[in-house]
2 protein chains.
Amino acid sequence: MVEHESDKNLTLLLKAMSDSTRRALLTQLCQQGASRVTDLANYYDMSLNAISKHIKVLEKAELVTRKTIGRTHWIEANIQQISLAENWFKELKSIWELRLEKLDEIMKNGGPNND
Amino acid sequence: MVEHESDKNLTLLLKAMSDSTRRALLTQLCQQGASRVTDLANYYDMSLNAISKHIKVLEKAELVTRKTIGRTHWIEANIQQISLAENWFKELKSIWELRLEKLDEIMKNGGPNND
DNA sequence: AATATATTCAACCATATGGTTGAACATGAA
DNA sequence: TTCATGTTCAACCATATGGTTGAATATATT
């Protein structure tokens, strides 16, 4: 299995998205484009530090990127990364469909060994 | 905001999917169709109880359903539920696109107030 | 140089999570 | 009735998570 690394990334991604505040941050970033940490934090009833930590989680999951200019950090959404999850969904669905097709085959032909 | 409830469901769903073992269980269920808890557990280097707990998490997220017949519980994948996440992705992307379109407009017309 | 702003780091805390083991419960088989 | 099977419940444990506060760091501004 070369699977391990991408599985870890998927875990990181889904965990990052599984928090309501972080999803709100992503939404905000998509709406507003690149934003400073302080500006983002103003929207939440939570300390700046908490938001800073949330952003770090999103960054590790590669859901956002950071460009530091002077003392201010510009955070930007990286929605491409979502495809990691989408691809997994797709794979899961195709596995599901495959089983249904095989069942269908059996129903039609009266069994898998009718040659 | 009537949002709250569906946001909680999304959190439940993404958290459920964010664990590697639970994703493996879902894959297994898609491949094999309805399965007993014990049968599922045999594939993992983990106690039956641990798997039982994972299944409960998937069940709360409505990613699987359970049909109890006698003493055995038949667990089945419910891949429909994935659409909850897919719809959120879609929404996020459309918010992203909307901003890009507006930017584009500004580039073309030299500003948002050129009437 | 002194002060203000933007941000992270570190330590701490409460609660959640993912695992374990040992009963308990429900049902099937001898 | 007795024993075996399928599953959950309960208590426990270590680590992760999401929040806090108080410094520390880096860079602007006066």
For the residue pair B:Leu40 and B:Gln28, establish whether any side-chain heavy-atom pair is separated by less than 4.5 Å.
-> yes

From CD1 of A:Ile51 across to P of D:dG18 the rounded distance in Å is 12 Å

Nearest-nucleotide pick for A:Lys53, side chain only, options being D:dC9, C:dA11, D:dA11 | C:dA11

With sugar-phosphate meaning primed atoms plus P, OP1 and OP2, does B:Asp19 contact a base, only sugar-phosphate, or nothing at under 4.0 Å between heavy atoms?
-> sugar-phosphate

Using heavy atoms to find the nearest nucleotide of DNA chain D for B:Arg36 and A:Lys15 separately, return the residue whose nucleotide is more 5′.
-> B:Arg36

Value for CD (B:Gln81) from CG (B:Leu26), rounded to nearest 0.5 Å, stands at 11.0 Å

Please answer: with hydrophobic residues joined when any side-chain heavy atoms are less than 4.5 Å apart, are A:Ile55 and A:Trp74 in the same cluster?
-> no

Distances under 3.5 Å between protein N/O atoms and the N/O atoms of nucleotides 28-30 of chain C, please, pair by pair.
unit_1 : atom_1 : unit_2  : atom_2 : d
C:dG28 : O4'    : B:Arg71 : NH2    : 3.4

Between D:dT17 (P) and A:Met46 (CE): distance, integer Å | 16 Å

Separation of D:dT7 C1' from B:Lys67 NZ (nearest whole Å) = 18 Å

Take A:Ser52 and B:Val57, find for each the nucleotide of DNA chain C with the closest heavy atom, and name the residue whose nucleotide sits nearer the 5' end.
-> A:Ser52

Are A:Asp104 and A:Lys108 close enough for a salt bridge, meaning some N to O gap below 4.0 Å?
-> yes

Could you tell me whether the side chain of B:Ile82 reaches within less than 4.5 Å of the side chain of B:Leu63, counting heavy atoms only?
-> yes

Closest to the side chain of A:Asn49, out of C:dC9, C:dT21, D:dT7, is C:dC9

Should the pair B:Arg23-A:Asp7 be classified as a salt bridge under the 4.0 Å nitrogen-to-oxygen rule?
-> yes

Any side-chain heavy atom of A:Asp19 sitting closer than 4.5 Å to one from B:Thr11?
-> no

Between D:dA24 atom C1' and A:Leu48 atom CG, what is the distance in whole Å?
-> 14 Å

Looking at D:dT20, C:dT7, D:dC9, which one has an atom nearest to any side-chain atom of A:Ala50?
-> D:dT20

Side chain of B:His54 - closest among C:dC9, C:dG18, D:dG6 = C:dG18

CE of B:Met17 versus P of C:dT17: gap in Å, rounded?
-> 15 Å

Nearest-Å distance for atom pair CZ/P, residues A:Arg22 and D:dT17 = 9 Å

Which part of the nucleic acid, if any, lies within reach of A:Ser47 when heavy atoms closer than 4.0 Å are counted: base, sugar-phosphate only, or nothing?
-> base

Integer-rounded Å distance: D:dT25 P and A:His73 NE2 = 15 Å

From CG of B:Asp39 across to P of D:dG6 the rounded distance in Å is 8 Å

Remember a base hit wins even if backbone is also touched, and classify B:Thr72 as base, sugar-phosphate or nothing at under 4.0 Å, heavy atoms.
-> sugar-phosphate

From the list C:dT7, D:dT7, D:dG19, which nucleotide is the closest neighbour of the side chain of A:Thr21?
-> D:dG19

Donor on one side chain, acceptor on other, A:Trp96 and A:Ser94, under 3.5 Å = no

